[in-house]
There are 2 protein chains.
Amino acid sequence: MTVSRVLRNRGDVSDATREKVLEAAKELGYVPNKIAGALASQRVNLVGVIVPSLSNLVFPEVLSGISQELEDTGLQPVFGVTNYSPEKEESVLYEMLSWRPSGLIIAGIEHTPAARAMLENAGAPVVEIMDVDGRGVDSVVGISHRRAGLHMAEAILAAGYRRIGFLGTKMPEDHRARKRLEGFEEGLAKAGITLADTEFYSGGSALLKGREMTEAMLKRTPDIDFLYYSNDMIGAGGLLWCLENGYDVPGKLGLAGFNGVDLLDGLPVRLATMDACRREIGRTAAQIIAGRPHQGLIGGEVVELEPVIQYGDTIRRA
Amino acid sequence: MTVSRVLRNRGDVSDATREKVLEAAKELGYVPNKIAGALASQRVNLVGVIVPSLSNLVFPEVLSGISQELEDTGLQPVFGVTNYSPEKEESVLYEMLSWRPSGLIIAGIEHTPAARAMLENAGAPVVEIMDVDGRGVDSVVGISHRRAGLHMAEAILAAGYRRIGFLGTKMPEDHRARKRLEGFEEGLAKAGITLADTEFYSGGSALLKGREMTEAMLKRTPDIDFLYYSNDMIGAGGLLWCLENGYDVPGKLGLAGFNGVDLLDGLPVRLATMDACRREIGRTAAQIIAGRPHQGLIGGEVVELEPVIQYGDTIRRA
DNA sequence: CTGAAAGCGCTAACAA
DNA sequence: TTGTTAGCGCTTTCAG
């Protein structure tokens with residue numbers, strides 16, 4: 001049909017006919033059926049994006065980076081959430097692939113064998129994001145959480161802290177938090193130091209949990225001189241508690257979180273943290289997907305971003 | 001083909017054949033093509049969800065309520081973000097409808113005429129959420145922001161505060177914040193009172209902005225005795241600033257926010273707020289969409305939820 | 001520049 | 001219980 005040509009601005013159509021079609025379309029409130037279009041053309045302008053959660057500030061920023069970058073590429077992101085469950089990831093992935101998207105962006109490089117197989121046979125570019133510690137299926141964009149933890153350990157040791165506690169989430173499936181902790185312990189081990197205490201939580205208001213865990217740890221292990229939190233939110237809660245209770249921060253007690261969320265800007269004292277390059281990761285991943293059609297399906301790029309430590313006011317400086 | 005029957009657990013198929021098909025499917029890594037399926041069956045298991053933003057904590061919770069409720073209905077949510085832009089809303093909506101979803105959940109009841117027309121002709125149940133102040137297209141689930149503002153004004157006046165300032169976002173397209181302010185002013189007007197001062201912001205870290213605006217307003221209008229914030233995040237920033245600067249809260253200065261975010265649980269003092277029923281709204285909207293097929297396409301339900309004031313520690317009690 | 005015809009990979013209805 | 005057939009509403013290709 002000529003109509004099809006007009007609606008997609010393709011092929012040569014006379015202005016007269018074009019106008020007529022456009023007018024009729026508007027009048028009828030016509031919305032083309034992409035299902036049929038996609039089936040016929042074997043092309044779908046959708047990019048599947050799979051993340052574990054929307055509730056912790058970090059993924060919304062990644063998504064917004066993706067949306068922004070995809071803005072005028074004609075591609076549309078479609079989001080799926082797994083709640084850190086590998087089974088849910090598998091089903092969300094299956095569902096997405098059944099729509100034959102033009103690309104897929106998925107958080108993490110740990111997947112069930114079935115999920116991995118699907119990714120390998122996706123027939124579209126796949127970008128695994130957030131984490132570069134391991135082998136990806138196709139392209140990978142992220143930071144090394146292992147090295148992030150390691151560098152933070154070095155910075156803390158360099159500042160002279162020695163009795164160090166770790167506070168984090170109790171989520172076996174949060175591989176990135178796990179890798180940060182492993183890297184952190186490795187960094188401490190190089191100086192012959194082991195963690196003085198650890199505390200884990202799950203669920204609830206992160207800010208509140210940060211308070212509670214901090215109090216519990218400082219009561220239990222009073223000689224601790226540094227608290228390393230697995231995310232900024234619990235770190236902020238801990239920081240507030242320490243300030244209220246008269247701790248000498250960063251003199252006698254140092255603190256650090258992870259992520260670099262802008263919430264920290266509003267705290268009375270700036271928590272030390274490490275920027276996780278969230279928006280940048282989203283943008284880069286989107287660029288890879290959007291650029292692929294031109295460059296062919298070569299794939300396999302690995303982009304490692306470098307998070308930098310923001311010392312803020314909670315690590316004492318030399 | 002029999003294959004189709006097996007994969008959808010439909011019709012009568014012998015166990016022998018079923019097994020054979022399943023095995024072959026697994027071996028080939030076969031993923032059915034929903035595009036073709038949808039085209040043939042005229043049914044799509046997708047529910048479009050359109051929200052203005054993912055970065056302010058409130059919508060992620062709505063989405064999570066929706067996901068949760070849709071979990072075992074066979075329906076899949078697909079998210080779109082408009083950044084509070086009516087044009088973006090229009091295009092996202094167009095894009096979504098072109099996939100002929102089984103239902104549509106969209107934030108707000110203010111839309112461009114074109115968007116409204118699309119919603120009316122969507123050919124699927126539509127639920128407009130968050131706000132009930134106005135006329136919706138089909139079903140509506142939300143709270144009255146106008147009355148929320150009004151009730152907060154009454155509570156503040158009842159507590160004896162008289163010199164009241166308002167601090168909020170400068171977003172002409174955030175109709176809900178606008179309605180809350182209008183209701184609030186109406187409540188004050190009933191007692192012959194007008195706002196003593198107002199301050200608006202846009203962009204940046206909300207917590208930090210809350211601090212800055214609070215400082216600015218208290219410097220400019222020192223005799224203010226109550227600060228009403230359009231959201232909890234700036235309220236929390238303001239609260240922290242007031243505490244640090246030795247203000248007598250709630251004795252000489254009261255504060256209140258809006259939303260009831262769980263972040264408030266971690267603050268040294270509990271900010272007064274009003275629960276916006278976010279998760280509940282998401283769940284109810286999802287139920288309407290999921291239930292519609294059974295009940296036919298009657299539609300037009302309006303569910304108004306009742307937000308309640310949480311006084312916390314920042315409004316003095318009688 | 002415009003029309004006609006084939007077919008994308010499924011589902012639905014029917015026949016065997 | 002299984003196979004066959006005709007579309008779903010588009011895009012693509014090929015004729016006019």
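Just so it is clear: chains get the letters A, B, ... in the order the sequence lines come, proteins before strands, and each one is counted from 1.
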Legend entry - Side-chain H-bond candidate by donor/acceptor type, A/H145 with A/R176, under 3.5 Å: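 Side chains of A/H145 and A/R176: no pair found under 3.5 Å.
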Inset, instruction - Give a yes/no on whether any side-chain N or O of A/T17 is located under 4.0 angstrom from OP1 or OP2 of C/dT2. - result: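 Yes, A/T17 has a side-chain N/O under 4.0 Å of OP1/OP2 on C/dT2.
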Inset, instruction - Give a yes/no answer on whether the side chain of B/Y30 brings an N or O atom under 4.0 Å of OP1 or OP2 in C/dC10. - result: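 Yes, B/Y30 has a side-chain N/O under 4.0 Å of OP1/OP2 on C/dC10.
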Legend entry - Minimum-distance nucleotide to B/A40 side chain [options: D/dC8, D/dT11, D/dC10]: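 Nearest nucleotide to the side chain: D/dC8.
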Inset, instruction - Would you please test B/I66 and B/Q68 for side chain to side chain contact (heavy atoms under 4.5 Å, CB included) and show each step? - result: CA-CA 5 Å; B/I66 294 174; B/Q68 197 181 325; over 6 Å; no
To the nearest Å, give me how far apart [atom1] ([X]) and [atom2] ([N]) are.
{"X": "A/K34", "N": "C/dG9", "atom1": "NZ", "atom2": "P", "value": "20 Å"}
{"X": "B/L39", "N": "D/dG7", "atom1": "CG", "atom2": "C1'", "value": "9 Å"}
{"X": "B/L97", "N": "D/dC10", "atom1": "CG", "atom2": "C1'", "value": "17 Å"}
{"X": "B/N45", "N": "C/dC10", "atom1": "CG", "atom2": "C1'", "value": "14 Å"}
{"X": "A/Q42", "N": "C/dC10", "atom1": "CD", "atom2": "C1'", "value": "12 Å"}
{"X": "A/N33", "N": "C/dC10", "atom1": "CG", "atom2": "C1'", "value": "14 Å"}
{"X": "A/R18", "N": "C/dC1", "atom1": "CZ", "atom2": "C1'", "value": "12 Å"}
{"X": "A/R43", "N": "D/dG9", "atom1": "CZ", "atom2": "P", "value": "21 Å"}

Legend entry - Gap separating the CD1 atom of B/I50 from the CG atom of B/L93, nearest 0.5 angstrom: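 Nearest 0.5 Å value for the CD1-CG distance: 4.5 Å.
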Legend entry - Check against side-chain hydrogen bond (donor to acceptor under 3.5 Å, both in side chains), B/R43 and B/S102: CA-CA 7 Å; B/R43 272 184 289 103; B/S102 294; over 6 Å; no
Legend entry - Rounded (10°) bend between the five-pair end axes of the helix from C/dC1-D/dG16 to C/dA16-D/dT1: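 Inter-axis angle at the termini of the helix from C/dC1-D/dG16 to C/dA16-D/dT1: 40°.
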Legend entry - Stepwise side chain to side chain contact (heavy atoms under 4.5 Å, CB included) test for A/E61 and B/S55: CA-CA 7 Å; A/E61 257 187 271; B/S55 55; over 6 Å; no
Inset, instruction - Can you establish whether the number of heavy atoms outside A/E304 located under 6.0 Å from its atom CD is more than 12? - result: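 Enclosed: over 12 neighbouring heavy atoms sit under 6.0 Å from CD of A/E304.
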Inset, instruction - Begin with the C-alpha distance, continue with both residues' side-chain angles, and end with the deciding distance and a verdict on side-chain hydrogen bond (donor to acceptor under 3.5 Å, both in side chains) for A/H111 and A/E90. - result: CA-CA 8 Å; A/H111 313 288; A/E90 213 176 288; over 6 Å; no
